[in-house]
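Each remark here refers to the structure printed beneath this line.
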Protein chains: 2
Amino acid sequence: MTMTNETMAAPEGRGEAGTGTLGKAIAVLEAVVTADGPQRFTDILARSGQPRGTLHRLLSHLVEEGLLIQRRDLSYEPGLRLLTLAYRSWSTNRFRDVAEPHLQRLHELTGETVHLGILRETEIVYVDKVESRQTVRMSSQIGKASPAYCTGIGKAALSLLGQPELEHLLARTEFHPFTSHTHRSAATLLAEVEEIRRDGHAFDREEHEAEIRCVAAPIAIPGSELAAGISVTGPAYRVSMEQLVAWATPVREAARAIAEEAAIRLGPGRSGP
Amino acid sequence: MTMTNETMAAPEGRGEAGTGTLGKAIAVLEAVVTADGPQRFTDILARSGQPRGTLHRLLSHLVEEGLLIQRRDLSYEPGLRLLTLAYRSWSTNRFRDVAEPHLQRLHELTGETVHLGILRETEIVYVDKVESRQTVRMSSQIGKASPAYCTGIGKAALSLLGQPELEHLLARTEFHPFTSHTHRSAATLLAEVEEIRRDGHAFDREEHEAEIRCVAAPIAIPGSELAAGISVTGPAYRVSMEQLVAWATPVREAARAIAEEAAIRLGPGRSGP
DNA sequence: ATAGTAGTTCCATTATTCGGAACTTGATTT
DNA sequence: AAATCAAGTTCCGAATAATGGAACTACTAT
């Protein structure tokens with residue numbers, strides 16, 4: 001259903017163009033990075049909808065920049081440059097740095113996994129994590145993007161937006177029914193956001209993954225326009241809704257503490273209010 | 001010493017141009033991402049050496065693409081798009097996937113930290129890691145780049161290159177004296193690479209960081225031109241050189257096993273040999 | 001008021017990109 | 001062995017987007 005479109009060879013293979021030349025290049029990069037394995041020229045041609053000549057040039061530029069690697073069988077894979085750039089940007093992120101000890105503390109209190117996430121478009125991106133046990137994949141999850149409308153941090157972050165912004169964003173959201181508890185439309189979600197605004201915290205009642213629950217609280221990142229949030233997540237068999245309700249207060253307090261500390265350490269750009 | 005250059009406003013502020021338009025954009029992106037904190041327009045102007053008009057357009061394109069974020073005080077920070085792209089490229093990396101259980105096994109055998117790294121230009125990039133204990137920063141290190149000439153994996157990977165390639169690469173390497181054991185020039189390193197080729201393993205004798213040692217073995221990634229390696233690392237007070245020598249065999253064997261399994265699972269692009 | 005600094009916009013020029021079509025290269029079929 | 005097909009690469013005139021010096025605006029400090 002993602003690309004069963006036919007006949008019309010309109011420039012719609014997938015990724016929406018973007019800002020001129022750079023936009024095209026990044027769209028092609030994303031097409032390769034998003035795919036499962038190495039992609040041959042023809043695969044990318046189909047996924048990106050670019051004309052042959054253009055695509056060929058874009059790919060060779062991306063390879064020259066180290067953003068892609070070309071294998072011996074001519075197929076393309078993500079290059080290492082991306083990983084290095086991301087590492088640098090992650091390790092110098094001051095907001096994450098401010099939040100870290102608070103996440104740690106929440107983890108010690110609850111014994112469950114704690115996340116820090118930031119809203120980007122209709123998704124929330126996980127930026128840090130303190131795990132309950134060394135779960136199989138280390139470091140996994142960081143950089144992962146999940147839909148905002150069905151995750152605790154996502155809904156908490158949405159509650160920070162102004163109503164017009166929020167509605168515009170939900171209009172662009174596709175409501176995929178992950179579980180039987182997942183919101184089916186903007187209507188019910190909008191009602192819940194009202195509650196979240198009032199309570200100062202949000203729950204994920206197995207909306208994204210069955211058997212997984214969380215409590216989250218929003219954080220407005222000082223100095224940016226960004227909406228973020230933190231959450232405590234656990235498996236349903238171990239963490240009851242009552243337990244989550246009890247944890248809501250410490251989660252809210254941690255969020256407030258992070259916002260406060262961030263306001264001081266990275267807050268007012270140069271001038272005051 | 002990084003930018004005390006004067007008078008001549010030559011296009012040399014820092015990052016070397018790159019491939020046309022995309023190259024410039026990525027160079028600017030890197031300038032921001034590499035910096036410590038948020039960068040104001042003027043800071044980037046100095047670091048990138050681009051003309052004002054050009055830089056301004058480049059930056060706004062990068063912001064539109066989500067690769068940079070502009071704060072309220074107008075300064076620029078790395079955006080979240082980079083993290084998401086890197087996460088996708090990391091989590092679908094088949095070579096890492098093949099190597100992972102072998103790293104785990106090496107960790108169980110030695111009790112020390114195990115790394116997987118890939119050579120990129122004159123640096124090795126850490127792609128996976130199994131830690132001895134939950135060291136402060138989680139997931140840290142992944143995506144980090146260290147000089148090849150003074151790290152175990154780096155030197156192991158170098159030993160896979162042909163002599164002309166190796167020499168060309170070392171010509172571009174700057175030999176920074178991190179510790180008293182760090183190679184000071186290509187000459188001594190070339191001699192050591194000979195040994196590494198013969199032995200099949202490399203040591204880091206506190207060459208990058210004082211009090212840190214490791215044994216490493218090289219892996220040629222099948223299907224790519226890439227040179228990689230794995231290592232076991234530990235603090236000098238706990239891990240003697242004798243201990244490292246004893247671990248050399250299992251490390252070499254793990255490397256061989258990874259190479260073999262990789263050759264089957266991601267090896268011959270489409271045709272045979 | 002005045003000078004200075006930081007960021008933004010303008011626009012004629014120029015260099016890049018664009019993309020259809022022709023051209024290799026290598027495998028598969030008749 | 002010739003013919004067909006598929007995949008990737010190269011070409012080049014036309015179109016477009018990038019270029020960058022200079023003028024402009026908004027603040028701040030003097």
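From a predicted model like this one, the values you see are computed outputs, not experimental measurements. Order of the sequence lines fixes the chain letters, A, B, ..., with proteins taken first and strands second; residue numbering starts at 1 for each chain.
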| task | Output the single nucleotide from C:dG19, D:dT10, C:dA6 whose closest atom is nearest the side chain of A:His56. | result | D:dT10
| task | Output the single nucleotide from D:dG20, D:dG8, C:dG7 whose closest atom is nearest the side chain of A:Leu74. | result | D:dG8
| said: Quick one: does any side-chain atom of B:Arg94 pair with a main-chain N or O of A:Gly37 as donor and acceptor, under 3.5 Å? | reply: no
| Between B:Tyr149 and B:His176, is there a donor-acceptor pair closer than 3.5 Å when you use the side chain of the first and the backbone of the second? | yes
| task | Take B:Trp90 and A:Leu82 through the test side chain to side chain contact (heavy atoms under 4.5 Å, CB included) and record every step on the way to the result. | result | CA-CA 9 Å; B:Trp90 183 84; A:Leu82 221 37; over 6 Å; no
Whole angstrom value for the distance that separates [atom2] of [N] from [atom1] of [X]:
| X | N | atom1 | atom2 | answer |
| --- | --- | --- | --- | --- |
| A:Arg52 | D:dC11 | CZ | P | 16 Å |
| B:Tyr76 | C:dT8 | OH | C1' | 10 Å |
| B:Phe41 | C:dT8 | CZ | P | 7 Å |
| B:Asp73 | D:dT28 | CG | P | 13 Å |
| A:Leu58 | D:dG8 | CG | P | 16 Å |
| B:Leu62 | D:dA18 | CG | P | 12 Å |
| A:Leu55 | C:dG20 | CG | P | 13 Å |
| A:Ile44 | D:dA7 | CD1 | P | 14 Å |

At less than 4.0 Å, is any side-chain N or O atom of [X] found next to OP1 or OP2 of [N]? Yes or no.
| X | N | answer |
| --- | --- | --- |
| A:Arg57 | C:dC18 | yes |
| A:Thr21 | C:dT16 | no |
| A:Lys24 | D:dA17 | no |

| request: For A:Leu22 and for A:Thr42, find the nucleotide of DNA chain D with the closest heavy atom, then tell me which residue's nucleotide is more 5'. | output: A:Thr42
| request: Check the pair A:His115, A:Gln141 against side-chain hydrogen bond (donor to acceptor under 3.5 Å, both in side chains), reporting the backbone distance first and the verdict last. | output: CA-CA 10 Å; A:His115 278 110; A:Gln141 224 82 20; 5.0 Å; no
| note | Taking every heavy atom of B:Leu169 against every heavy atom of B:Glu121, the minimum-distance pair comes out as CD1-O, 3.3 Å
| request: Could you tell me whether B:Thr54 contacts a base, only the sugar-phosphate backbone, or nothing, with contacts defined as non-hydrogen atoms closer than 4.0 Å? | output: base
